[in-house]
Amino acid sequence: MCTFVILRRPGHDWPVLIAANRDEMLDRPWYPPARHWQDRQDVIAGQDQLAGGTWLGMNDRGVVAAILNRNDSLGPKEGFRSRGELPLEALDHADAETAADALADINPEGYRPFNMVVADNREAFWIKLAETHWGVHAQVAPIPEGFSMVTASDRNDTSSARIRTYLPQFERASVPDPESADWRGWTTLLASRIYDSLEGPGGAMLIATDGGFGTVSSSLIALPAHENQEVMPRYLFAAGRPDQVSYMPVSLA
């Protein structure tokens with residue numbers, strides 16, 4: 001169960017701030033964010049070595065895309081395509097709205113259930129593929145201003161112990177300052193192993209278990225306002241558990 005947090009504040013110099021922990025099988029190999037795809041040289045993202053896709057990335061036009069499993073759908077399954085290809089498809093587009101529109105038309109029978117976020121510095125969308133009374137459907141919804149948190153359930157769904165525990169803490173935490181690279185209010189939370197006693201350690205922000213599954217990396221992204229054409233986004237990555245590994249800048253050159 002990965003975690004994606006986004007703060008949208010239109011009109012600010014940094015209108016979008018993003019934090020994400022990736023939870024995965026510890027033996028599943030991956031590469032840190034870089035330009036890994038010859039046919040997508042404008043994409044900077046981590047690469048899953050098993051299926052070739054990504055869990056989170058950004059393109060040179062400032063579009064960010066991330067994918068998360070929904071409940072009870074961890075890992076690949078025969079007969080379904082890799083969900084990791086979907087962020088790459090989103091990052092083929094010049095803006096979040098166009099990407100979300102394209103993903104709304106995917107074959108719902110081709111993928112296991114997922115949550116996805118696509119954002120740029122003006123708009124953001126939550127896309128979910130889930131079972132409904134009418135079968136499996138892809139649904140697209142705009143992400144409003146303020147804080148949103150996505151895990152394996154719906155956006156800001158407090159039936160998730162992780163959202164119930166940590167969304168209020170993100171709302172109270174000091175907001176990061178990308179200019180000075182001060183993300184301490186958020187990195188402390190991303191490294192937290194505190195959990196709701198009703199759900200157990202799986203409800204912590206950082207997962208550390210003896211079962212071969214846990215938090216394997218963490219990302220921080222800040223998107224500058226559209227008016228600030230000369231300001232580059234900020235992309236920081238911890239290539240391991242964020243309580244053990246420091247965040248380092250990702251090269252956007």
Roughly how far, to the nearest 0.5 Å, is [atom2] of [Y] from [atom1] of [X]?
X	Y	atom1	atom2	result
I44	L252	CD1	CG	4.5 Å
E24	I207	CD	CD1	13.0 Å
Y166	I194	OH	CD1	5.5 Å
I106	I127	CD1	CD1	8.0 Å
R40	E89	CZ	CD	6.5 Å
R241	L190	CZ	CG	13.5 Å

Quick check on the hydrophobic clustering: are [X] and [Y] connected, directly or via other members, by side-chain heavy-atom contacts under 4.5 Å?
X	Y	value
L17	L236	yes
L220	M205	yes
M232	L56	yes
I18	W183	no
L68	W30	yes

Pair T165-Y195, side-chain hydrogen bond (donor to acceptor under 3.5 Å, both in side chains): steps then yes or no: CA-CA 7 Å; T165 302; Y195 55 86; over 6 Å; no
Polar side-chain atom of [X] near backbone of [Y] as donor-acceptor pair, under 3.5 Å:
X	Y	value
H93	D95	no
D27	G212	no
R8	I143	yes
R35	A253	yes
D42	D60	no

Sequence neighbours excluded - side-chain hydrogen bond (donor to acceptor under 3.5 Å, both in side chains) pairs with any residue from residues 114-125: R70-N115, N115-W126
R9: salt bridge (Lys or Arg N to Asp or Glu O under 4.0 Å) partners, not counting sequence neighbours: none
Please report the C-alpha distance between D48 and R83 in whole Å, then the side-chain angles of each, then the deciding distance to 0.1 Å, and finally whether the salt bridge (charged side-chain N to carboxylate O under 4.0 Å, His left out) criterion is met. CA-CA 11 Å; D48 170 41; R83 290 166 287 196; over 6 Å; no
Classify the side-chain pair S219/Y235 by whether it contains a donor and acceptor separated by less than 3.5 Å. no
For the residue pair S160 and D157, confirm or rule out a side-chain donor-acceptor distance under 3.5 Å. no
Heavy-atom closest contact ([X] atom, [Y] atom, distance):
X	Y	value
P15	P10	CB-CA, 4.3 Å
A124	I6	CB-CD1, 4.1 Å
P87	A66	CG-C, 4.4 Å
A94	R61	CA-NE, 3.2 Å
G46	W37	O-CH2, 3.5 Å
I163	T151	CD1-OG1, 3.7 Å

Would you call [X] and [Y] a side-chain contact if the rule is heavy atoms closer than 4.5 Å?
X	Y	value
L103	L86	yes
W186	L7	yes
R162	M149	yes

Between F237 and W55, what is the ring plane arrangement, given parallel below 30°, perpendicular above 60°, and tilted in between? tilted
Do T54 and Q47 pass the side chain to side chain contact (heavy atoms under 4.5 Å, CB included) test, and can you show the C-alpha distance, the side-chain angles, and the key distance before you say yes or no? CA-CA 5 Å; T54 189; Q47 185 181 53; 5.9 Å; no
Decide yes or no on side chain to side chain contact (heavy atoms under 4.5 Å, CB included) for E179 and D13, but give the supporting numbers first. CA-CA 10 Å; E179 295 287 352; D13 288 345; 5.9 Å; no
